[in-house]
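Taking it in order: structure first as structure tokens, then the write-up.
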Amino acid sequence: MSLVAGCGVLSSGGSDGEDAITVGTTSAPSTLDPAAAYDGSWELYRNVFQTLLSFPSGASQPQPDAAERCKFTDTSSMVYTCTLRDGLKFSDGDTLDARAVKFSIDRMRRIDVEGGPAGLLGALRTVETKGDRTVIFRLRKPDATFPFVLATPAMSIVDPSEYPADKVREGNEISGSGPYALKDYRAGDRAELVRNSHYEGAADRKNDAVTIRYFRDSDAMVDELRAKELDVTFRGLGAQDIVKQQGPDKKSEIRLVEGAGTEIRYLVFNPKDPWARKPAVRKAFAQVIDRGAIAHKIYKDTVEPLYSMVPRGVTGHGTGFFDEYGDPSAVKAKRILTAAGITERVPLTLWYTTDRYGSATAPEFAEIKRQLESSGLFRITIKGAPWQKFDKAYKNGEYPVFGRGWFPDFPDADNFIAPFVGERNVHNMPYLSRELTDEVLPRSRREADRSNVVDQFEQAQRILVDDVRLLPLWQGKQYVMASEEISGGERALDPSAIMMMWELGRKTSW
């Protein structure tokens with residue numbers, strides 16, 4: 001991490017409850033019910049719900065949160081047992097016990113939203129309780145990544161008296177046991193969080209209240225930070241704003257926190273589209289794309305080209321797409337198409353979301369269009385849609401090619417491959433590869449020491465490169481911009497780049 005430091009020290013008492021820290025982001029929740037979301041909604045969930053395990057600041061392995069302790073209790077990594085903290089309560093005072101944990105996870109699996117979080121629990125067979133504080137998870141097969149799954153906000157514990165067992169909860173209320181309670185929520189506008197007086201967990205809150213404001217445009221968000229209407233911004237920051245803050249004309253009252261990140265951007269090809277389904281089209285597309293130009297021209301080198309679905313810094317990272325395709329070449333791409341009998345310009349429509357990943361997304365897709373059409377091999381149409389429409393449409397198979405961002409559920413190579421493959425996946429678009437789903441991934445999950453899975457993920461990535469169903473573009477860094485009176489930005493992002501709002505505090509002078 002590098003930090004442009006400000007002066008002052010953190011007040012040991014936190015904020016006064018009325019002086020809420022105001023945080024801006026472009027990642028608004030799609031739903032308030034954790035059983036239904038596998039997206040940026042997790043940002044809010046992490047702060048208002050608890051999970052059995054979580055990733056405290058600086059941790060790369062899950063640590064107890066609502067649980068007092070968790071471990072595999074057999075020799076084959078198929079029985080995982082957690083003991084809850086004593087005296088846990090939801091924000092309304094209701095008891096949080098083993099029954100509530102079982103209810104929450106069984107409920108999510110029962111509702112089974114299309115493209116939702118239930119897919120994370122493919123290895124889970126049953127959830128059992130023993131007394132009020134013990135939860136036992138029995139798996140279908142060995143899975144060393146299961147503790148990581150339990151640490152994701154998808155496994156948020158909800159109050160059984162407030163959530164229906166077989167359908168998504170409607171409305172703007174949340175009943176959780178996290179560091180904060182949701183005081184008020186206005187969809188697409190803001191979420192007001194206040195300290196949960198019943199909270200018992202790992203978070204050490206440096207403030208009493210946080211207001212999260214949601215923006216469609218990162219430029220407007222940064223303008224409000226500079227105007228001191230916001231204290232912190234973090235998701236969807238524009239490259240021009242980051243570069244400006246790094247340069248000689250930077251605003252001295254704004255601090256920039258920069259760290260290594262595992263966020264990735266990639267394209268998805270629809271196997272039902274008459275053109276995108278053709279391997280030659282996908283391979284020619286991959287042969288033309290110039291990731292370096294996207295990183296430099298559009299993102300001003302605040303991101304780096306990515307040649308693997310597993311990003312740099314994660315065990316299992318590779319360079320398969322560079323090894324296979326090398327530098328961009330229209331000549332090589334033409335040979336690929338010609339060999340497949342394709343001689344006309346390939347018509348494709350590329351879709352992106354207009355309000356999810358920041359204001360640079362539209363120029364990025366314009367640059368992709370320029371690259372493809374400059375090759376003389378493609379005829380490209382670019383279209384954008386707001387996230388709510390975009391999310392539903394691509395899951396319904398309506399888009400030939402579309403762009404997605406991925407913030408990992410947990411810091412393991414498995415999470416950059418497994419969610420995208422199989423009969424049911426996060427794209428709601430079957431990607432059938434028995435070699436991946438029945439051989440490579442299960443073999444890697446038997447390995448408790450995750451440093452020993454390099455060979456398995458090299459094999460997995462060779463399959464992805466051969467198929468080109470997914471095309472990695474770039475890997476991002478983590479950036480937080482904050483006013484000089486705010487501390488904790490360097491500790492606030494967990495390994496999935498989710499902000500732990502409790503780490504933010506206001507400074508006071510000596």
Side-chain angles (χ1 to χ4, degrees), residues 1-11 14-16 18-28 40 43 47 57 189-193 205-261 263 298-303 355-361 363 407 476-494 497-510:
M1 290 275 186
S2 65
L3 174 64
V4 180
C7 59
V9 296
L10 177 66
S11 167
S15 62
D16 62 9
E18 295 180 359
D19 188 16
I21 291 176
T22 305
V23 179
T25 176
T26 59
S27 185
E43 204 90 59
N47 291 278
S57 180
D189 179 31
R190 68 184 60 213
E192 295 182 11
L193 311 183
R205 291 167 292 191
K206 307 297 194 303
N207 61 69
D208 289 331
V210 175
T211 295
I212 307 172
R213 290 184 52 199
Y214 301 113
F215 291 82
R216 292 181 178 272
D217 184 87
S218 54
D219 293 335
M221 180 174 69
V222 174
D223 285 345
E224 294 219 13
L225 175 68
R226 295 180 183 277
K228 300 185 178 181
E229 296 296 323
L230 295 175
D231 295 308
V232 181
T233 62
F234 71 103
R235 179 80 76 214
L237 285 169
Q240 71 279 3
D241 297 306
I242 295 167
V243 171
K244 185 182 295 185
Q245 192 56 33
Q246 292 170 328
D249 58 343
K250 64 188 178 186
K251 289 271 188 177
S252 60
E253 68 272 19
I254 294 176
R255 299 160 54 246
L256 178 68
V257 177
E258 175 186 331
E263 165 195 0
I298 308 302
Y299 290 96
K300 313 302 180 187
D301 299 318
T302 60
V303 306
D355 59 355
R356 195 69 173 178
Y357 304 127
S359 55
T361 309
F407 302 90
K477 301 175 184 178
Q478 292 186 5
Y479 292 99
V480 174
M481 291 175 67
S483 68
E484 61 180 356
E485 68 180 48
I486 299 297
S487 68
E490 68 277 12
R491 300 187 306 273
L493 296 178
D494 78 358
I498 291 176
M499 182 165 279
M500 301 176 288
M501 302 295 177
W502 59 85
E503 292 287 358
L504 302 174
R506 290 196 185 277
K507 296 176 180 177
T508 61
S509 59
W510 289 98

- Between the side chain of Asp219 and the main-chain N/O of Asp241, is any donor-acceptor distance below 3.5 Å? no
- Residue pair Asn47, Leu193: steps toward the side chain to side chain contact (heavy atoms under 4.5 Å, CB included) verdict: CA-CA 9 Å; Asn47 291 278; Leu193 311 183; 4.1 Å; yes
- Query: Is the count of non-hydrogen atoms from other residues, nucleotides or ligands lying under 6.0 Å from Arg190 atom CZ greater than 12?
  - Reply: yes
- Query: At what distance, to the nearest 0.5 angstrom, does CD1 of Ile21 lie from OG of Ser487?
  - Reply: 7.5 Å
- Item | Within-4.5 Å side-chain heavy-atom neighbours: Gln245 and Tyr479 | no
- Candidate pair Asp19 and Asn207, rule side chain to side chain contact (heavy atoms under 4.5 Å, CB included), full reasoning: CA-CA 9 Å; Asp19 188 16; Asn207 61 69; over 6 Å; no
- Using a 4.5 Å cut-off on heavy atoms from C-beta on, say whether the side chain of Met221 contacts that of Leu237. yes
- Item | Audit row: Met501, Ile212, side chain to side chain contact (heavy atoms under 4.5 Å, CB included) steps and yes/no | CA-CA 9 Å; Met501 302 295 177; Ile212 307 172; 3.7 Å; yes
- Donor-acceptor pair, Arg235 side chain versus Arg356 backbone, under 3.5 Å? no
- Message: With heavy-atom distances below 4.5 Å as the criterion, would you say the side chains of Ile486 and Arg506 are in contact?
- Response: yes
- Note on the structure: Heavy-atom closest pair (Ala492 atom, Leu504 atom, distance to 0.1 Å) is CB-CD2, 4.1 Å
- Query: Quick one: does Tyr214's side chain get under 4.5 Å of Thr26's, heavy atoms only?
  - Reply: no
- Query: Between atom OG1 of Thr302 and atom CD1 of Ile242, what is the distance when rounded to the nearest 0.5 Å?
  - Reply: 5.0 Å
- Task: Indicate whether the side chain of Thr211 and that of Thr22 have a donor and an acceptor atom separated by less than 3.5 Å.
- Result: no
- Message: Test side chain to side chain contact (heavy atoms under 4.5 Å, CB included) on Glu43 and Phe234; report intermediate values, then the result.
- Response: CA-CA 11 Å; Glu43 204 90 59; Phe234 71 103; 3.4 Å; yes
- Would you name the heavy atoms of Ala20 and Asp231 that are closest together and state the gap between them? O-OD2, 3.9 Å
- Atom pair CG (Asp355) and OG (Ser27), whose distance is rounded to the nearest 0.5 Å: 10.0 Å
- Can you find a pair of side-chain heavy atoms, one from Met499 and one from Val232, that are under 4.5 Å apart? yes
- Note on the structure: CE of Met481 to CZ of Arg255, rounded to nearest 0.5 Å, is 11.5 Å
- Message: Is any side-chain heavy atom of Ile254 closer than 4.5 Å to one of Arg226?
- Response: yes
- Task: Could you tell me the separation between the CH2 atom of Trp502 and the CG atom of Asp208, rounded to the nearest 0.5 Å?
- Result: 15.0 Å
- CD of Glu503 to CD of Glu490: how many Å apart, nearest 0.5 Å? 9.0 Å
- Message: Closer than 3.5 angstrom, by distance alone: can the side chain of Thr233 be matched with the main-chain N or O of Gly24 as a donor-acceptor pair?
- Response: no
- Task: Please lay out, stage by stage, how Glu253 and Lys228 fare under the test salt bridge (charged side-chain N to carboxylate O under 4.0 Å, His left out).
- Result: CA-CA 10 Å; Glu253 68 272 19; Lys228 300 185 178 181; 5.4 Å; no
